[in-house]
Amino acid sequence: MTLRVAVIGAAGRMGQQVVEAVERADGLELAGRFDVGDDLGDLGGADVAVEFTVPGATLANVLHCVEQGVHAVVGTTGWTDESMSQVRAALAVQPKVGVLIAPNFAIGAVLTMRFAAQAARFYESVEVIELHHPDKVDAPSGTAIRTAEVIAEARRSAAVPPAPDATTSALDGARGAQVDGVPVHAVRLRGLVAHEEVLFGSPGETLTIRHDSYDRASFMPGVLAGVRGVVDRPGLTVGLEEILDL
Ligand SMILES: NC(=O)C1=CN([C@@H]2O[C@H](COP(=O)(O)OP(=O)(O)OC[C@H]3O[C@@H](n4cnc5c(N)ncnc54)[C@H](OP(=O)(O)O)[C@@H]3O)[C@@H](O)[C@H]2O)C=CC1
Ligand SMILES: O=C(O)C1=N[C@H](C(=O)O)C[C@H](O)C1
């Protein structure tokens with residue numbers, strides 16, 4: 001059966017790549033391209049909508065998809081517990097619809113989060129550095145926030161004490177943003193696409209886990225796996241790892 005796929009944010013950096021990937025993929029057909037100012041309507045009769053827009057627009061777009069009975073695969077950042085609760089409430093009245101929200105569709109980024117969670121309980125110190133192209137509007141990245149959260153969760157479960165830090169005076173921002181107790185640093189640099197480093201340290205050793213997306217092509221296999229997987233997963237799924245059975 002052919003799945004009809006609409007792309008919301010179709011004129012953007014990710015949206016353009018998704019349009020091409022859908023057009024090239026076996027068993028998928030482009031149902032429509034939507035961008036800012038367009039009426040989403042019935043999403044061109046789509047079965048699945050892929051949403052890559054901006055943090056301020058994504059919730060309304062996803063709620064519209066759910067109301068229309070259209071499954072959604074969402075890569076836009078900025079999701080909170082509160083906005084996810086609104087999606088769950090909308091899905092409760094559309095029990096056949098699935099929504100997948102994933103901060104990162106690159107397999108290496110998903111593995112980085114998984115490996116970081118595994119390593120977290122063995123090290124005293126941890127810091128996350130994310131590095132992106134300078135056109136990115138949010139900081140820190142959704143991926144870095146999620147990475148810090150899974151590390152913090154693993155450290156809490158293992159009763160690891162707070163990381164040592166003797167800093168008593170610092171310029172604003174010098175120690176990064178605290179995400180669930182984990183310092184997260186954001187670099188914006190022309191030439192980059194999307195990159196993340198997780199640094200762990202204990203006496204006498206460090207462990208660095210690094211992932212680099214050099215091209216947005218890196219996200220497409222994950223997006224397509226999400227499109228094919230979401231139709232059989234009613235309700236809200238958070239993270240591509242659920243679809244990949246990681
Ligand atoms: N999960 C993942 O794997 C990845 C997630 N991302 C995330 O995806 C999002 C998009 O990134 P990127 O493609 O680089 O951003 P872009 O700014 O290139 O694209 C966003 C597009 O959405 C459009 N847009 C804005 N508001 C709306 C709206 N209400 N309805 C429909 N379209 C709208 C924008 O139009 P205009 O420019 O005119 O405002 C633009 O064309 C970001 O949150 C980013 O962090 C990015 C890469 C991978
Ligand atoms: O804006 C981007 O480019 C990216 N955004 C996502 C994020 O904020 O984590 C995913 C990836 O890092 C690329």
Side-chain angles (χ1 to χ4, degrees), residues 6-21 32-41 43-44 46 49-65 70 72-80 83 99-113 116 128-150 177 179 184-198 210-227 230 237-244:
V7 180
I8 311 177
R13 288 177 287 270
M14 284 297 289
Q16 290 177 47
Q17 293 251 347
V18 174
V19 165
E20 281 176 30
R33 299 176 166 91
F34 300 89
D35 209 82
V36 69
D38 292 339
D39 178 4
L40 298 180
L43 291 144
V50 178
E51 210 271 2
F52 282 95
T53 62
V54 289
T58 185
L59 174 62
N61 288 337
V62 173
L63 292 177
H64 183 89
C65 294
V70 174
V73 171
V74 185
T76 311
T77 45
W79 286 87
T80 61
S83 54
V99 172
L100 166 66
I101 300 174
N104 203 308
F105 284 96
I107 182 69
V110 177
L111 290 172
T112 296
M113 287 185 258
V128 175
I129 306 171
E130 57 93 332
L131 311 91
H132 280 82
H133 60 92
D135 304 313
K136 183 168 177 57
V137 294
D138 55 317
S141 70
T143 308
I145 291 172
R146 186 69 194 135
T147 305
E149 286 172 350
V150 298
V179 179
V184 179
H185 310 267
V187 174
R188 296 293 174 264
L189 201 69
R190 186 66 71 202
L192 297 181
V193 177
H195 315 257
E196 182 177 67
E197 268 189 24
V198 186
R210 181 171 170 119
H211 174 252
D212 297 279
S213 274
Y214 298 109
D215 190 293
R216 290 179 182 83
S218 60
F219 303 114
M220 294 306 123
V223 171
L224 297 182
V227 167
V230 75
T237 302
V238 180
L240 186 66
E241 56 275 24
E242 302 293 329
I243 298 278
L244 299 178

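Both ligands and their constituent atoms are indexed starting at 1 by order of listing. For reference, positions follow the sequence shown, starting with 1.
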Pairing residues for E149 by the salt bridge (Lys or Arg N to Asp or Glu O under 4.0 Å) criterion, not counting sequence neighbours: R146
What's the spacing between K136 NZ and S141 OG if we round to 0.5 Å? 6.0 Å
Distance dump, ligand 1 polar atoms to protein, N/O, under 3.5 Å:
residue	atom	partner	partner atom	Å
ligand 1	1 (N)	G75	O	3.1
ligand 1	1 (N)	A102	O	3.0
ligand 1	1 (N)	P103	O	3.0
ligand 1	3 (O)	F105	N	2.8
ligand 1	13 (O)	R13	N	3.4
ligand 1	13 (O)	M14	N	2.9
ligand 1	14 (O)	R13	NE	3.0
ligand 1	14 (O)	R13	NH2	3.4
ligand 1	18 (O)	R13	N	2.8
ligand 1	32 (N)	V36	N	3.2
ligand 1	35 (O)	D35	OD2	3.1
ligand 1	41 (O)	G12	N	3.3
ligand 1	41 (O)	D35	OD1	3.0
ligand 1	41 (O)	D35	OD2	3.1
ligand 1	43 (O)	T77	N	3.1
ligand 1	43 (O)	T77	OG1	2.8
ligand 1	45 (O)	T77	OG1	3.3
ligand 1	45 (O)	K136	NZ	2.9

For ligand 2, which of its N or O atoms have a protein N or O partner closer than 3.5 Å, and how long is each gap?
residue	atom	partner	partner atom	Å
ligand 2	1 (O)	K136	NZ	2.9
ligand 2	3 (O)	H133	NE2	2.9
ligand 2	5 (N)	K136	NZ	3.1
ligand 2	8 (O)	K136	NZ	2.6
ligand 2	8 (O)	G142	N	2.9
ligand 2	9 (O)	G142	N	3.2
ligand 2	9 (O)	T143	N	2.8
ligand 2	9 (O)	T143	OG1	2.5
ligand 2	12 (O)	H132	NE2	2.6

Below 4.0 angstrom, N of the basic side chain to O of the carboxylate: do D212 and R210 qualify? yes
How many angstroms lie between atom NE2 of H133 and atom CZ of R13, to the nearest 0.5 angstrom? 4.5 Å
Could you state the interatomic distance from NE2 (H195) to NE2 (H211), rounded to the nearest 0.5 Å? 9.5 Å
Calculate, to the nearest 0.5 Å, the distance between atoms CZ and CZ belonging to F219 and F52 respectively. 8.0 Å
Spacing of CG belonging to L40 relative to CG belonging to L63, to within rounding of 0.5 Å: 11.5 Å
dist T147:OG1 -> I145:CD1 (nearest 0.5 Å) comes out at 9.5 Å
Among residues at least two apart in sequence or on other chains, which ones pass salt bridge (Lys or Arg N to Asp or Glu O under 4.0 Å) with E196? none
